[in-house]
Amino acid sequence: MSEAAYQRLWEASHLTLQELLSQEGPMLEPTPARERFAFQYRLAVLYLYYLGLLRRLDLVYDQMVQPQKRRLLRRLLDGVAGRVLELKDEMVRVDLSETHWLDRPLQDLKMTPADLEVPIPKYFQLEQSSAVKERKRVLAEILERLEPLSLVQATVTEMHKMEAILMVQRAERARQGRLRARFMREIWKEEERERKNREEGQSRFSKDQAAVLVQKVWKGYVQRKHIMQDRRKEMEFIGMLPVPIKMKSLDILSQVFQAEEARRVRQVEKEEEFNLALGRTHEYLINTEGPEMKEMMKDQIRQWFIECHALTGRFPDYPDESSGGSSLIFADKTPEQVKMDLEIQTQENKKKEQENKEREKKEKEGRNEQKPKKKAGKEAETVLKLSPSKFVPVISTGHEEYMNLWQKRHDSIHPSQSYDSETLQEEKRMEVEQEIRIQVDDLMRQELRSLRLAVDKEDIRIVKLAKAKKSGKKSGKKKKEKNLTPDRTVDSLYEELILFGLVKKSKTVALKDFVGDCVYLGSALTLANKMPMPSLFDVRQNIALYGILRLGSPDIHAMAPLIRSLLLVGPRGMGKKMLVQAVCTETGANLFDLSPDNLIGKYPGKNGSQLVVHMVFKVARLLQPSVIWIGQAEKTFYKRIPKEEKKMDPKRIKKDLTRALRLLSPGDRVLLIGTTEQPYLADMKGLCRVYERIIFIPRPDYASRYVLWKHMIESQGVQVTQSLDISGLARVSDGYTPSHILQVVQTVLTERRILLLSKRSLVASEFVGHLAKLDPVYKEEEDSLKDWYFKTPLGKKYVQFLKEQQEAEEARLAKEKKKNP
């Protein structure tokens with residue numbers, strides 16, 4: 001695509017953005033609870049539009065070259081991504097579920113399930129690539145210098161030369177024997193065929209008869225082949241069979257990738273050019289326009305001094321820097337208006353202080369009376385509305401800047417996609433004016449002091465606006481963490497954590513490798529008061545929203561709804577650890593391991609557990625983004641510790657972990673991810689207090705199993721043919737996890753079997769035998785996990801909502817029966 005194409009896509013995105021901003025206002029208005037489904041539908045439509053907008057802005061930002069446009073695009077991209085996270089939080093609050101069924105809005109908007117995919121901005125990995133390479137290099141150097149505690153050197157016994165020769169000879173004799181046996185078997189079959197022909201007395205064909213017979217067989221074979229090719233083309237045309245990838249299409253794709261990389265190289269060049277221009281423009285404005293600005297400001301302030309003295313008989317109080325300094329003077333106001341504004345601000349601050357004191361007194365006196373009021377308030381909550389957004393003002397400001405600055409600009413002015421010098425000077429002029437204003441304020445305060453001493457014979461009085469005290473409870477203040485390692489550098493702490501195996505090298509896993517299909521009848525089941533189970537597709541979207549989008553950008557994390565921790569719950573082999581590694585790969589995050597099994601014998605004692613949690617969280621914050629993984633998370637919150645695990649003390653970091661997690665604030669890109677297969681063994685309150693979001697991963701349904709089989713077979717370099725019944729495999733493998741399917745595929749598709757594909761095609765029966773040897777996840781195990789999930793806080797709210805709906809429906813039917821007996 002050309003620069004003009006990306007410009008048109010940007011223009012179309014702003015048209016969509018303008019429509020979305022107009023829809024934000026009505027969503028803030030209260031909606032009665034009886035219109036819950038209509039509100040959910042409008043919220044889902046808004047969410048889908050923002051997802052599409054995020055996808056387009058990501059594409060434009062990735063390929064746009066002009067540096068000033070890219071800065072505006074970056075703000076818009078982060079703003080839209082943050083708005084998507086806010087809408088996700090609202091959908092959870094309204095739907096009372098982590099999974100949302102959007103098939104009805106998709107159908108109405110004429111979208112496809114691919115539009116549900118949460119796009120991950122490409123700049124997450126591109127900007128972190130150098131940091132990730134440096135981290136891998138440091139990790140490799142430390143592992144080479146230091147031997148981990150758990151490493152045991154394996155002794156390799158050398159084989160004698162004669163023993164090796166004898167082994168090679170035995171293998172070669174066995175190979176020759178197998179070839180000789182195969183050759184003799186073919187000779188025996190040929191002799192047996194000739195003997196049968198002699199016994200049956202079959203006559204030999206003449207040359208003409210043999211030629212006719214060969215022609216008949218050959219023509220039949222050719223005709224059948226043509227018919228099969230025509231039938232396959234027809235099936236490929238209507239989309240019933242996959243189209244084989246041809247070399248031409250591969251060449252086109254490689255050309256597209258090369259063009260994209262070339263544009264990224266140009267982006268770097270133009271960015272360096274723009275950064276140099278920033279410094280040059282700043283110096284130019286200070287040297288050329290700076291002195292004139294300074295004299296003009298001084299003249300205005302002196303004129304203000306004279307006018308105030310003529311009106312009031314004394315020189316005015318100079319505004320403090322915290323209240324804006326001389327910027328109040330430069331506003332289009334008379335001296336009397338400036339004086340009145342200062343007096344009004346001081347009076348308002350005094351009133352706020354008095355009001356805050358009165359509120360604190362009332363809160364202390366009425367703490368016991370608040371509980372029944374809260375209950376009454378809950379009963380009165382019958383409206384639904386969106387909370388005020390932090391990202392909508394950012395998006396609106398970016399949209400206005402585009403409309404005012406870039407909408408009517410044509411690329412013909414700057415065909416090389418270099419920076420716009422006029423726009424750069426306007427932006428820098430404001431910064432220079434602000435810097436000069438601070439300098440002028442210091443000079444004019446001294447001049448005002450000398451004027452007062454000379455004329456009024458009094459000293460200067462600077463107006464300081466009293467800071468309003470924050471209302472609320474004392475417990476709302478953030479506690480400061482004690483620094484247990486004040487004399488240690490980050491590098492030494494990082495090296496120690498690697499030495500003890502608490503920093504892990506994450507595998508390179510893309511989130512798209514967690515394959516699954518979405519649920520296509522979720523809305524219909526929800527209307528029937530039945531909760532469908534989330535699919536693997538839904539789990540992948542939740543990980544992208546809760547983990548990757550937040551950790552990828554500091555601007556998004558600082559303003560988005562804060563989520564410190566996730567808990568992945570599901571049977572063994574569902575890919576929970578793979579999702580943790582995918583989050584690290586997509587965001588370039590460090591991976592720390594605080595699993596109970598990994599802490600055995602490390603940092604013993606109470607002080608040791610406190611120290612290890614402190615070190616991990618400290619390094620994680622300083623080297624963010626970071627992911628702290630706790631495998632078998634139920635062990636940290638055991639109800640009863642098993643006898644065989646009492647020595648390892650799995651609950652020893654429980655209190656320190658809870659305390660350290662509370663200290664994480666917006667901007668700290670640190671995410672705690674726990675994985676568990678047996679959450680029912682843990683204390684529910686403690687587990688839900690630490691893990692803010694719980695994502696349930698059930699067994700894959702039919703659609704996900706179909707996609708899994710196809711993806712895993714094709715990932716081995718094998719093209720799926722019509723002879724392989726994928727649908728049958730998906731039905732047979734009900735109850736098996738993705739790990740089981742991958743294990744079976746790797747067992748069947750060996751190198752030798754792949755070489756024989758040209759002679760013998762794959763069939764489903766080859767996989768069924770190996771699948772039968774594995775133990776599936778039985779329904780009873782999944783039901784126990786479901787029962788536990790519905791006992792979580794969010795699960796309880798959903799169950800209560802279903803009960804209320806059922807009771808309301810029964811009451812409505814009873815009224816209808818009374819009216820129509």
Side-chain angles (χ1 to χ4, degrees), residues 139 142-143 146-152 481-485 488 490 492-507 564-569 572 576-577 579-581 583-584 589-623 626-664 670-679 681-683 686-691:
L139 188 61
I142 294 174
L143 289 176
L146 302 172
E147 180 181 355
L149 296 179
S150 59
L151 184 63
V152 179
E481 183 184 9
K482 293 181 180 178
N483 191 0
L484 302 179
T485 54
R488 299 283 301 276
V490 181
S492 65
L493 292 174
Y494 188 65
E495 185 174 332
E496 183 177 338
L497 291 175
I498 294 173
L499 171 64
F500 280 88
L502 298 177
V503 174
K504 299 289 186 180
K505 186 178 180 181
S506 176
K507 295 181 180 178
R564 302 180 182 93
S565 53
L566 292 177
L567 181 64
L568 307 181
V569 179
R572 184 180 181 84
K576 299 183 289 296
K577 189 175 179 181
L579 289 173
V580 176
Q581 293 170 342
V583 173
C584 296
N590 295 284
L591 179 60
F592 298 86
D593 186 2
L594 280 180
S595 303
D597 293 344
N598 193 40
L599 293 176
I600 298 175
K602 301 172 185 177
Y603 298 95
K606 184 178 179 180
N607 294 333
S609 61
Q610 186 178 1
L611 179 62
V612 67
V613 172
H614 167 78
M615 288 172 60
V616 167
F617 275 83
K618 180 179 179 180
V619 176
R621 277 197 297 267
L622 294 173
L623 300 179
S626 299
V627 171
I628 301 172
W629 172 57
I630 299 181
Q632 297 178 330
E634 76 280 355
K635 291 186 176 182
T636 311
F637 302 92
Y638 263 146
K639 295 177 184 175
R640 292 181 181 178
I641 302 177
K643 292 181 180 179
E644 60 273 12
E645 296 184 12
K646 282 187 177 180
K647 292 183 179 180
M648 62 181 287
D649 193 12
K651 297 174 66 174
R652 67 191 184 103
I653 66 167
K654 176 182 175 181
K655 292 181 180 179
D656 299 308
L657 181 66
T658 308
R659 193 181 300 113
L661 202 62
R662 288 176 183 171
L663 295 172
L664 294 179
V670 179
L671 182 66
L672 175 68
I673 303 181
T675 57
T676 177
E677 304 163 16
Q678 299 173 319
L681 298 179
D683 176 46
L687 196 67
C688 295
R689 193 181 298 117
V690 169
Y691 295 102

**Student:** State, to 0.1 Å, how close L664 and V670 come at their nearest heavy-atom pair, and which atoms those are.
**Tutor:**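 Where L664 meets V670 most closely, the heavy atoms are CD1-O, 3.9 Å.
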
**Student:** Tell me if a side-chain donor or acceptor on R652 pairs with a main-chain N or O of L599 at a distance below 3.5 Å.
**Tutor:**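 Checking the backbone N and O of L599 against the side chain of R652, a donor-acceptor pair under 3.5 Å is found.
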
**Student:** Taking atom CG of D683 and atom OG1 of T636, what is their separation to the nearest 0.5 Å?
**Tutor:**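 The OG1 atom of T636 is 12.0 Å from CG of D683, to the nearest 0.5 Å.
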
**Student:** Using atom types as modelled and distance alone, determine if a side-chain donor or acceptor of K507 lies under 3.5 Å from a backbone N or O of Q581.
**Tutor:**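 Looks like no, no N/O pair under 3.5 Å.
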
**Student:** Could you give the distance from CD (Q632) to CD (E677), rounded to the nearest 0.5 Å?
**Tutor:**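 The CD atom of Q632 sits 7.0 Å away from the CD atom of E677.
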
**Student:** When you look at CZ of R572, are more than 12 heavy atoms from neighbouring residues, nucleotides or ligands closer to it than 6.0 Å?
**Tutor:**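 Counting other residues, nucleotides and ligands, CZ of R572 stays at 12 neighbours or fewer.
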
**Student:** Go through the steps for W629 and T675 under the test side chain to side chain donor-acceptor pair (under 3.5 Å), then give the verdict.
**Tutor:** CA-CA 8 Å; W629 172 57; T675 57; 3.1 Å; yes

**Student:** One pair to check against side chain to side chain contact (heavy atoms under 4.5 Å, CB included): R662 and T658. What are the steps and the verdict?
**Tutor:** CA-CA 6 Å; R662 288 176 183 171; T658 308; 4.0 Å; yes

**Student:** Closest heavy-atom contact between P596 and K635?
**Tutor:**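 Distance-wise, the nearest heavy atoms are CG-CB, 3.8 Å.
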
**Student:** Could you walk me through whether D656 and R659 pass the side chain to side chain contact (heavy atoms under 4.5 Å, CB included) test, one step at a time?
**Tutor:** CA-CA 5 Å; D656 299 308; R659 193 181 300 113; 3.0 Å; yes

**Student:** If you round to the nearest 0.5 Å, how far is OG1 of T485 from NZ of K618?
**Tutor:**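 Nearest 0.5 Å value for the NZ-OG1 distance: 3.0 Å.
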
**Student:** Working to the nearest 0.5 Å, report the span between CG of L663 and CZ of F617.
**Tutor:**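 These two atoms lie 9.0 Å from each other.
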
**Student:** Could you go step by step and tell me if S595 and D597 meet the side chain to side chain donor-acceptor pair (under 3.5 Å) rule?
**Tutor:** CA-CA 5 Å; S595 303; D597 293 344; over 6 Å; no

**Student:** Students often mix this up, so state it plainly: with edges at 30° and 60°, are the rings of F637 and Y691 parallel, tilted or perpendicular?
**Tutor:**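 It falls in the perpendicular class, over 60°.
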
**Student:** Might you work through the side chain to side chain contact (heavy atoms under 4.5 Å, CB included) test for L657 and I630, ending with a clear yes or no?
**Tutor:** CA-CA 11 Å; L657 181 66; I630 299 181; 3.6 Å; yes

**Student:** Give the minimum heavy-atom separation between Y603 and E496, together with the two atoms involved.
**Tutor:**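 Smallest heavy-atom distance, with atoms named: OH-OE2, 2.5 Å.
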
**Student:** Could you tell me whether K577 atom NZ has more than 12 heavy atoms of other residues or ligands within 6.0 Å of it?
**Tutor:**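 Count not over threshold, so no.
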
**Student:** Would N590 and V503 count as a side chain to side chain contact (heavy atoms under 4.5 Å, CB included) here? Give the steps.
**Tutor:** CA-CA 8 Å; N590 295 284; V503 174; 5.7 Å; no

**Student:** Where is the tightest heavy-atom contact between A633 and T676, given as atom of each residue plus distance?
**Tutor:**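 Answer, listing the atom of A633 first, then T676: N-CB, 4.2 Å.
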
**Student:** Taking atom CG of L497 and atom NZ of K504, what is their separation to the nearest 0.5 Å?
**Tutor:**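 If I round to the nearest 0.5 Å, the distance is 11.5 Å.
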
**Student:** If you round to the nearest 0.5 Å, how far is CG of L661 from CG of L671?
**Tutor:**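 Reported value, rounded in 0.5 Å steps: 9.0 Å.
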
**Student:** Using a 3.5 Å distance criterion without hydrogens, assess whether the side chain of K602 forms a donor-acceptor pair with backbone atoms of F500.
**Tutor:**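 Between the backbone of F500 and the side chain of K602 there is a qualifying donor-acceptor contact (under 3.5 Å).
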
**Student:** Restricting to non-hydrogen atoms, name the atom on V569 and the atom on P679 that form the minimum distance, rounded to 0.1 Å.
**Tutor:**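 Reported closest heavy-atom pair: CG1-CG, 3.6 Å.
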
**Student:** Please report the closest heavy-atom contact between K646 and I641, naming both atoms and the distance.
**Tutor:**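 Nearest heavy atoms, K646 then I641: CE-O, 3.7 Å.
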
